[in-house]
Structure formats: C-alpha cells, structure tokens
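First the structure, in the form of structure tokens, and then the observations on it.
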Amino acid sequence: MRIATWNVNSLRVRLPHVLDWLAAQRPDVLCLQELKLEDKAFPSAELEAAGYHAVSNGQKTYNGVAILSRGAAADVVRDIPGFDDPQKRIIAATIGGVRIVCGYFPNGQAVGSDKFDYKLRWLAALTTWLRDELKTHPRLVLTGDFNIAPTDQDAHPDWKDEIHVSAPERDAFTALIDLGLSDAFRLFEQTGQSYSWWDYRMGAFRRNFGLRIDHILVTRALADACRRCSIDSAPRKLERPSDHAPVLVDIEI
DNA sequence: ATGGCCACTCTAAGTGGA
C-alpha cells in the first residue's frame with residue numbers, strides 16, 4: 001500500500017501537477033492540504049477519470065483538506081470532534097483497513113502570537129482525539145503538513161526563525177509520537193539534508209534552504225511493515241510549483 | 001545569502017503562508 005501526502009497550495013492551480021503525479025506514482029492514498037477551494041468546487045470528475053475517489057473538507061481561500069484513494073473511503077470524519085474551529089484542517093477516513101488522518105496543521109506565524117496559541121491548542125485537541133482513535137484503530141496513519149520541523153536535522157542550519165522549530169511545537173510533535181507513532185521517514189537511512197518545503201523567495205529551493213515539515217506518522221503495527229519512505233522533490237522543479245514536495249511511504253499490507 | 005514569492009480576493013492592495 002502506497003500512501004502519500006502533499007500540500008498543493010491551491011488545488012485549482014496545481015491540479016495538472018496532481019494528475020501527472022498520480023499517474024506516475026500510482027499511490028493508493030494521497031492526502032492533500034491547502035486546497036483553497038470549497039467542496040462544491042472540488043475537481044471530482046477529473047480525479048474520478050484518473051481512477052481516484054475523493055472525500056474533502058474544503059474552505060474558500062484558506063485551508064481545506066482531502067483524501068484521494070483508489071479504494072472506497074469509509075467512516076469519514078471532518079474536523080477534530082469536540083474542537084470548535086471554523087478552519088477546515090482535518091479529514092479522516094478508513095481505506096483498506098487503515099485509518100488515514102489527513103491534517104493541515106496551523107502555521108503559527110510567530111512564537112507568542114495569537115496564531116501560535118491557536119496552533120498549540122489545535123495540537124492539544126488533535127492529540128486528545130487521536131488517543132481515542134488509536135483505541136479502535138491499531139493501523140493508523142497521521143499525515144499531512146505539520147508545520148513543525150521535529151529536530152535540528154529537519155531544518156536548514158541557517159533557519160533563524162523560531163517558528164516551526166520552537167520547543168513548544170517540538171514538544172507537541174513528541175506528544176503525538178508518544179501516542180505510539182513513528183516518523184516513517186526516519187525509519188530509514190536518508191542521504192543528505194532532506195526537506196519537504198522551500199520558500200518561493202530567495203532561491204531557496206536552488207540552495208536547498210528548506211524545512212522538513214510534511215510527515216507520515218504510523219502506528220507500530222504499520223511501522224514494522226514499512227519498506228520505503230521518501231520525499232519526491234521532482235514536482236518542486238516544475239513551472240508554477242507548490243512550495244511543498246510530496247512525501248510517500250510504501251507499506252507491505 | 002547580495003536575492004527580490006505566490007495565491008487569494010467584493011481586482012486593489014492587503015493578508016497569509018512558512
């Protein structure tokens with residue numbers, strides 16, 4: 001089973017890239033973030049023609065998440081249950097016996113800001129909800145744009161901002177790991193400095209000035225079956241790219 | 001590090017992203 005995640009930064013603009021990537025990589029599941037469109041504008045027909053069903057939790061202009069899959073999606077949940085939030089950042093579904101949780105985690109803007117407080121509250125609510133989900137789903141994948149670089153290894157040495165690398169954010173990431181999840185990317189030897197996001201400005205991609213903030217976390221039952229996890233930076237080289245690269249994992253189930 | 005973003009929106013300049 002191949003599961004992937006990609007923050008596309010506008011599905012309207014990036015649909016051609018998504019269709020090309022689906023054809024090339026043939027994932028069983030692709031989680032998307034930052035759709036920036038409402039469900040009524042979701043390109044279901046184009047994706048169906050490519051062989052993918054979709055469930056979405058869309059929002060105009062900001063946020064918006066979706067799960068594409070070749071097989072049927074069951075037990076769909078939109079938003080974190082019990083957490084009152086107008087921002088569309090979560091969708092979950094069960095596909096092929098695996099619980100998939102797709103998240104677009106808040107950015108946080110700056111440490112100490114109102115948006116940072118929201119990020120931490122959102123992370124706490126997510127953690128509480130997942131603790132429950134895990135009771136009934138031993139095979140669970142938490143994936144998406146976490147907006148957290150979990151260790152120094154995951155940020156370019158010259159990254160000077162506190163946001164994405166601060167202690168409270170990293171503690172929240174660790175709290176998710178402590179639920180019994182593993183960072184699939186770090187289950188394997190990786191070469192060089194690996195990032196999943198590069199700023200559009202300052203030639204950041206060319207200089208590999210990036211952050212690894214897009215993650216695939218898996219429960220122990222799935223970690224044992226993981227065979228490969230990688231970041232595909234090829235789409236970042238295209239014309240009008242997303243600023244994020246897709247991340248994919250192959251699980252032998 | 002000597003560069004100069006991108007997508008969105010009540011289509012102008014402001015917001016948000018990371």
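Nothing here was measured: the structure is a model prediction, and the numbers come from that model. Protein chains get the first letters and strands the later ones, always in sequence-line order, with residue 1 at the start of each.
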Inset, instruction - Sort out for me which residue in A:Leu15, A:Val13, A:Val18 forms a side-chain contact (heavy atoms from CB on, under 4.5 Å) with A:Val8. - result: A:Val18
I'd like the [atom1] distance from [M] over to [N], given in whole Å.
N: B:dT2; M: B:dA13; atom1: P; result: 33 Å
N: B:dA18; M: B:dA7; atom1: C1'; result: 14 Å
N: B:dC6; M: B:dA1; atom1: P; result: 23 Å

Under 4.0 Å, heavy atoms only, any strand: does [X] hit a base, just the sugar-phosphate, or nothing?
X: A:Arg14; value: sugar-phosphate
X: A:Asp145; value: sugar-phosphate
X: A:Asn7; value: sugar-phosphate
X: A:Tyr195; value: nothing

Legend entry - Upstream residue (5' side of DNA chain B) when A:Leu35 and A:Pro106 are each assigned their closest nucleotide: A:Leu35
Inset, instruction - Name the residue closer to the 5' end of DNA chain B, choosing between A:Phe105 and A:Ser10 according to the nucleotide with the nearest heavy atom. - result: A:Ser10
Legend entry - Span of DNA chain B in contact with chain A (heavy atoms, under 4.0 Å): B:dA1 to B:dA18
Legend entry - Geometric class of the A:Phe146/A:His215 ring pair [parallel <30°, tilted 30-60°, perpendicular >60°]: perpendicular
Legend entry - Parallel, tilted or perpendicular: rings of A:Trp159 and A:Trp197 (30°, 60°): perpendicular
Legend entry - Salt bridge flag under 4.0 Å for residues A:Arg2 and A:Asp28: no
Inset, instruction - Determine, for A:Arg186 against A:Asp154, whether the closest basic-nitrogen to carboxylate-oxygen distance falls under 4.0 angstrom. - result: yes
Inset, instruction - Evaluate the criterion side-chain hydrogen bond (donor to acceptor under 3.5 Å, both in side chains) for residue pair A:Ser56 and A:Asp39; output intermediate values, then yes/no. - result: CA-CA 6 Å; A:Ser56 64; A:Asp39 288 337; 2.7 Å; yes
